[in-house]
Amino acid sequence: MAGTKAGHDDLREEDLVASHWLVKSEPATFSYDDLVRDGRTVWDGVRNHAAAGHLKAMKVGDQVLFYHSQEGKDVVAVAQVAREAFPDASDPTGKFVAVELTPVRKLPRSVTLAQMKANPALADMAMLRQGRLSVSPVSDADWATILKMAGE
DNA sequence: GCCAACGTTGGC
DNA sequence: GCCAACGTTGGC
């Protein structure tokens, strides 16, 4: 992350977006239960520059909503960043990065995509505005809204 | 540097 | 299984 634009009055994403994120995973490939089983995982394979930018902005301790795509289509749990961005070993070009995540807790009940879409308060959520984005920031307000919808 | 073709993601 | 959205690639 070194070498980004200089200038103290240059607002960068990591200054603006606090510490909440959402990641997608197909549970058939890697579910939240798999994360619990493994205890920790390398979140690699992201090949989209917008998503990679979000990975780079993550800090250790940031909380992450864990969303199941394809099957379930719901936010099921909270995970946390255990290691900040480092080069993704699975990327031959060396341009993309990975982070490491650890499990935190399952939500009392999952929050479905349909429920999120139906809630006007979440209309500006990055993941709703750009459906294919696999890593996205979540505002503090949206974070609180989703946890409440989940019964916390 | 533009743009058409193509591939991938992910909801429906 | 289909299709929309969107990113990437490659020809020019």
Side-chain angles (χ1 to χ4, degrees), chain A residues 1 3-5 10-14 16-17 19-38 40-58 62-139 141-152:
Chain A
M1 209 48 193
T4 43
K5 292 180 206 98
D10 210 5
L11 285 177
R12 287 170 294 165
E13 176 180 36
E14 54 268 40
L16 294 170
V17 180
S19 44
H20 298 128
W21 309 93
L22 179 147
V23 297
K24 294 182 178 178
S25 184
E26 295 182 31
T29 305
F30 191 83
S31 69
Y32 182 73
D33 287 341
D34 292 328
L35 179 58
V36 171
R37 182 200 62 208
D38 294 352
R40 183 180 182 110
T41 197
V42 174
W43 207 259
D44 60 4
V46 171
R47 294 292 181 271
N48 169 288
H49 292 293
H54 299 317
L55 288 181
K56 287 180 185 172
M58 289 182 181
D62 282 2
Q63 305 272 107
V64 181
L65 292 173
F66 199 100
Y67 175 82
H68 281 167
S69 61
Q70 314 272 42
E71 196 185 310
K73 276 163 279 184
D74 52 358
V75 175
V76 295
V78 176
Q80 147 174 350
V81 178
R83 183 183 173 194
E84 290 170 22
F86 57 95
D88 181 343
S90 73
D91 170 30
T93 72
K95 287 191 291 190
F96 289 100
V97 296
V99 298
E100 287 185 13
L101 298 180
T102 50
V104 175
R105 64 182 185 277
K106 258 189 171 164
L107 296 172
R109 56 176 184 269
S110 74
V111 179
T112 66
L113 178 65
Q115 289 174 307
M116 289 190 281
K117 282 184 169 174
N119 189 338
L122 300 177
D124 286 332
M125 264 190 87
M127 82 155 302
L128 296 183
R129 309 200 89 188
Q130 191 181 347
R132 292 182 49 198
L133 196 55
S134 59
V135 181
S136 58
V138 176
S139 72
D142 290 350
W143 178 269
T145 298
I146 290 166
L147 290 192
K148 197 170 177 185
M149 290 167 80
E152 289 200 342

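Here is how names work: the chains are called A, B, and so on, in the same order as the sequence lines, proteins then strands, and each is numbered from 1. Everything numeric here is computed off the predicted structure, so don't read it as measured data.
Contact of the Leu128(A) side chain with the Leu113(A) side chain is registered, since non-hydrogen atoms from C-beta on lie closer than 4.5 Å. For the pair Leu107(A) and Phe66(A), the minimum side-chain heavy-atom distance is 4.5 Å or more. In this structure, Ile146(A) and Leu122(A) have side chains that are in contact, with non-hydrogen atoms separated by less than 4.5 Å. Using a 4.5 Å heavy-atom cutoff, the side chains of Tyr67(A) and Met116(A) are in contact.
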(request) For each nucleotide in nucleotides 4-10 of chain B, reading 5' to 3', give B when a protein heavy atom comes within less than 4.0 Å of its base, S when such contact involves only the sugar-phosphate, and - otherwise. (result) ---BBBB
(message) Under the criterion side-chain hydrogen bond (donor to acceptor under 3.5 Å, both in side chains), I'd like the reasoning laid out for Asp34(A) against Ser31(A): C-alpha separation, chi angles, the key distance, then a yes or no.
(response) CA-CA 5 Å; Asp34(A) 292 328; Ser31(A) 69; 3.3 Å; yes
